[in-house]
S.K.: 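Below: one structure in structure tokens.
Letters go in sequence order (proteins before strands), and every chain restarts at 1.
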Protein chains: 2
Amino acid sequence: MADQIISDRLRAAGLRPTRQRLALAALLLSAGPRHLTAEMLYDEVRKAGVTVSLATVYNCLHQFTQAGMVREVVVDPGRSYFDTNVSEHHHFYHEATGTLTDIPGETIPLGTLPAAPEGKVIDRAEVIIRLRDA
Amino acid sequence: MADQIISDRLRAAGLRPTRQRLALAALLLSAGPRHLTAEMLYDEVRKAGVTVSLATVYNCLHQFTQAGMVREVVVDPGRSYFDTNVSEHHHFYHEATGTLTDIPGETIPLGTLPAAPEGKVIDRAEVIIRLRDA
DNA sequence: ATAGCTGCAAATGCTTTGCAAGGCC
DNA sequence: GGCCTTGCAAAGCATTTGCAGCTAT
């Protein structure tokens with residue numbers, strides 16, 4: 001993905017296209033769907049030769065999440081995954097390996113969701129299918 | 001719930017019915033469905049006048065989980081909830097207040113789940129409906 | 001008696017924060 | 001120049017662990 005495009009996306013989100021943010025966004029958005037922890041992204045970006053601190057990776061991931069560029073997935077107490085696929089879809093989670101996999105969007109027809117309790121609205125529904133070895 | 005019954009359940013799980021475990025299990029199992037964090041349970045059991053350490057609460061919660069007496073629910077990065085309702089059901093999660101609520105079992109017909117990837121089997125499928133204020 | 005539990009405190013792992021220095025517009 | 005960002009290190013939480021002492025059977 002061209003730096004220019006990423007640069008524009010960052011600007012559109014109100015984020016200045018700094019070297020760190022460009023590098024992180026490029027890694028996240030250039031490949032296909034990915035599921036990464038902050039630590040994994042940190043390792044990647046440093047291997048790519050960019051100087052970044054882990055704190056900045058966390059900060060950027062949250063900024064990107066807020067901007068709708070990635071989505072946070074909670075499957076493991078004490079570790080957050082970030083998903084570069086922000087479209088409606090669900091996940092397999094293989095606990096033994098800590099691996100997240102997308103379930104194609106259409107595969108689970110959630111049908112009619114139950115009504116939200118009084119005074120609240122549904123933000124989103126997510127399905128997690130936990131796997132173990134056969 | 002009679003101490004005797006709880007005692008038997010612990011024994012059946014291969015756990016010695018110690019004072020701490022009896023107190024914790026009684027709090028968890030005597031009332032209706034509940035969603036508690038370790039810290040919440042710790043506060044309760046101490047208010048009930050029982051001497052327990054937080055470490056023991058964690059240990060017991062995991063033992064109870066393994067024994068199928070409670071279920072762990074992961075909705076919040078960095079905090080685990082334990083659900084005393086171990087039957088098939090799903091959850092509303094209100095992020096603003098950190099409140100978990102059961103969705104009655106029949107309300108979400110998950111229908112045909114997608115096949116698990118090669119070499120894996122489905123452990124269980126859970127649906128989390130995230131809520132925000134209207 | 002003895003295998004299993006518990007408490008405490010220390011350690012761990014992930015994540016966040018405070019603040020001075022640096023970079024983008 | 002001014003404001004936003006970053007880096008580093010320290011702080012913060014929730015959770016786990018090691019180990020000596022206690023307890024249920």
S.K.: Can you check the A/Q66 CD to C/dT16 P distance for me, whole Å?
M.R.: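 Atom CD in A/Q66 sits about 13 Å away from atom P in C/dT16.
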
S.K.: If the sugar-phosphate is the primed atoms plus P, OP1 and OP2 and the base is the rest, what is the B/S/- string for nucleotides 19-25 of chain D, using protein heavy atoms under 4.0 Å?
M.R.: ----BBS

S.K.: If you compare every side-chain N and O of B/T56 against the phosphate oxygens of C/dT6 (OP1, OP2), does one of them come in below 4.0 Å?
M.R.: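 Checking C/dT6 against B/T56, no side-chain N or O comes under 4.0 Å of OP1 or OP2.
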
S.K.: Rounded off to whole Å, could you give me the CG-to-C1' distance for the A/L41 and C/dT15 pair?
M.R.: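 Interatomic distance, CG of A/L41 to C1' of C/dT15: 15 Å.
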
S.K.: For the helix from C/dA1-D/dT25 to C/dC25-D/dG1, measure the angle between the helix axis at one end and the axis at the other, each built from five pairs, rounding to 10°.
M.R.: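 So the angle between the two local helix axes works out to 30°.
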
S.K.: Round to the nearest Å and state the distance from A/D76 atom CG to C/dC14 atom C1'.
M.R.: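 Result: 11 Å.
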
S.K.: Given C/dG7, is OP1 or OP2 found less than 4.0 Å from the side-chain N or O atoms of B/Q20?
M.R.: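 Answer is yes, contact under 4.0 Å.
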
S.K.: What pairs of nitrogen or oxygen atoms, one from the protein and one from nucleotides 10-12 of chain C, lie under 3.5 Å apart?
M.R.:
none

S.K.: Output every pair passing salt bridge (charged side-chain N to carboxylate O under 4.0 Å, His left out) with a member in residues 46-59 of chain A, not counting sequence neighbours, ordered by first then second residue.
M.R.: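 Those involving residues 46-59 of chain A do not exist here.
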
S.K.: Which pair of heavy atoms, one from B/R71 and one from B/S87, lies closest together, and at what distance?
M.R.: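 Closest heavy-atom pair between B/R71 and B/S87: NH2-O, 3.6 Å.
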
S.K.: Tell me the closest heavy-atom pair linking A/V70 and A/L61, and the distance in Å.
M.R.: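 So the two residues come closest at CG2-O, 4.1 Å.
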
S.K.: With sequence neighbours left out, write down each residue that passes side chain to side chain contact (heavy atoms under 4.5 Å, CB included) with A/P77, or none if nothing qualifies.
M.R.: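 Result, side chain to side chain contact (heavy atoms under 4.5 Å, CB included) vs A/P77: B/E72, B/V74, B/S80.
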
S.K.: Write down the atom of A/H90, the atom of A/A125, and the distance for their closest heavy-atom approach.
M.R.: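 Smallest heavy-atom distance, with atoms named: CE1-O, 3.4 Å.
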
S.K.: Return the value, rounded to whole Å, for the distance between atom CZ of B/R21 and atom C1' of C/dG7.
M.R.: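 About 14 Å, once rounded to whole Å.
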
S.K.: Would you mind checking if B/R34 and B/E44 are paired as a salt bridge, meaning a charged N to carboxylate O distance below 4.0 Å?
M.R.: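 Answer for the salt bridge query: yes.
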
S.K.: Looking only at heavy atoms, which two atoms of A/A96 and A/D133 are closest? And how far apart?
M.R.: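 Result for this residue pair: CB-OD2, 4.0 Å.
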
S.K.: Under the rule for salt bridge (Lys or Arg N to Asp or Glu O under 4.0 Å), what residues qualify as partners of A/R79, not counting sequence neighbours?
M.R.: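 Counting only residues at least two positions away or on another chain, A/R79 forms a salt bridge (Lys or Arg N to Asp or Glu O under 4.0 Å) with A/D76.
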
S.K.: Sort and list the pairs that fulfil ring-ring contact (aromatic ring centres under 6.0 Å, His included) and have at least one residue in residues 112-134 of chain A, not counting sequence neighbours.
M.R.: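 Of all non-adjacent pairs touching residues 112-134 of chain A, none passes ring-ring contact (aromatic ring centres under 6.0 Å, His included).
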
S.K.: Taking ring-ring contact (aromatic ring centres under 6.0 Å, His included) as the cut-off, I'd like each qualifying pair that reaches into residues 33-54 of chain B, sequence neighbours left out, listed once.
M.R.: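 Qualifying pairs, neighbours excluded: B/H35-B/H91.
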
S.K.: Just by protein heavy atoms under 4.0 Å, how would nucleotides 11-17 of chain D read 5' to 3' in B, S and -?
M.R.: ---SBBB

S.K.: For B/I6 and B/A26, work out which heavy atoms get closest and say how close.
M.R.: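 Closest heavy-atom pair between B/I6 and B/A26: CD1-CA, 3.3 Å.
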
S.K.: What is the distance, to the nearest angstrom, from the CG atom on A/L61 to the P atom on C/dC14?
M.R.: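 Interatomic distance, CG of A/L61 to P of C/dC14: 15 Å.
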
S.K.: Taking side chain to side chain contact (heavy atoms under 4.5 Å, CB included) as the test, write out the residues that go with A/R19, two or more places apart.
M.R.: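 Counting only residues at least two positions away or on another chain, A/R19 forms no side chain to side chain contact (heavy atoms under 4.5 Å, CB included).
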
S.K.: Using atom types as modelled, flag every donor-acceptor pair under 3.5 Å from a side chain in residues 48-57 of chain B to any protein atom, sequence neighbours excluded.
M.R.:
{"unit_1": "B/S53", "atom_1": "OG", "unit_2": "B/T56", "atom_2": "N", "d": "3.2"}
{"unit_1": "B/S53", "atom_1": "OG", "unit_2": "B/T56", "atom_2": "OG1", "d": "3.1"}

S.K.: I need the CG-C1' distance between B/L15 and C/dG4, as an integer number of Å.
M.R.: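 About 11 Å, once rounded to whole Å.
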
S.K.: Measure OH/A/Y42 against P/D/dG7 and give the value in whole Å, please.
M.R.: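 Distance, rounded to whole Å: 9 Å.
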
S.K.: Taking ring pair (Phe, Tyr, Trp, His ring centres under 6.0 Å) as the definition, give me every residue that meets it alongside B/H94, ordered by chain and number, with sequence neighbours left out.
M.R.: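 Result, ring pair (Phe, Tyr, Trp, His ring centres under 6.0 Å) vs B/H94: none returned.
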
S.K.: Quickly work out the A/L10 CG to D/dC4 P distance and round it to whole Å.
M.R.: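 Going from CG in A/L10 over to P in D/dC4 covers 17 Å.
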
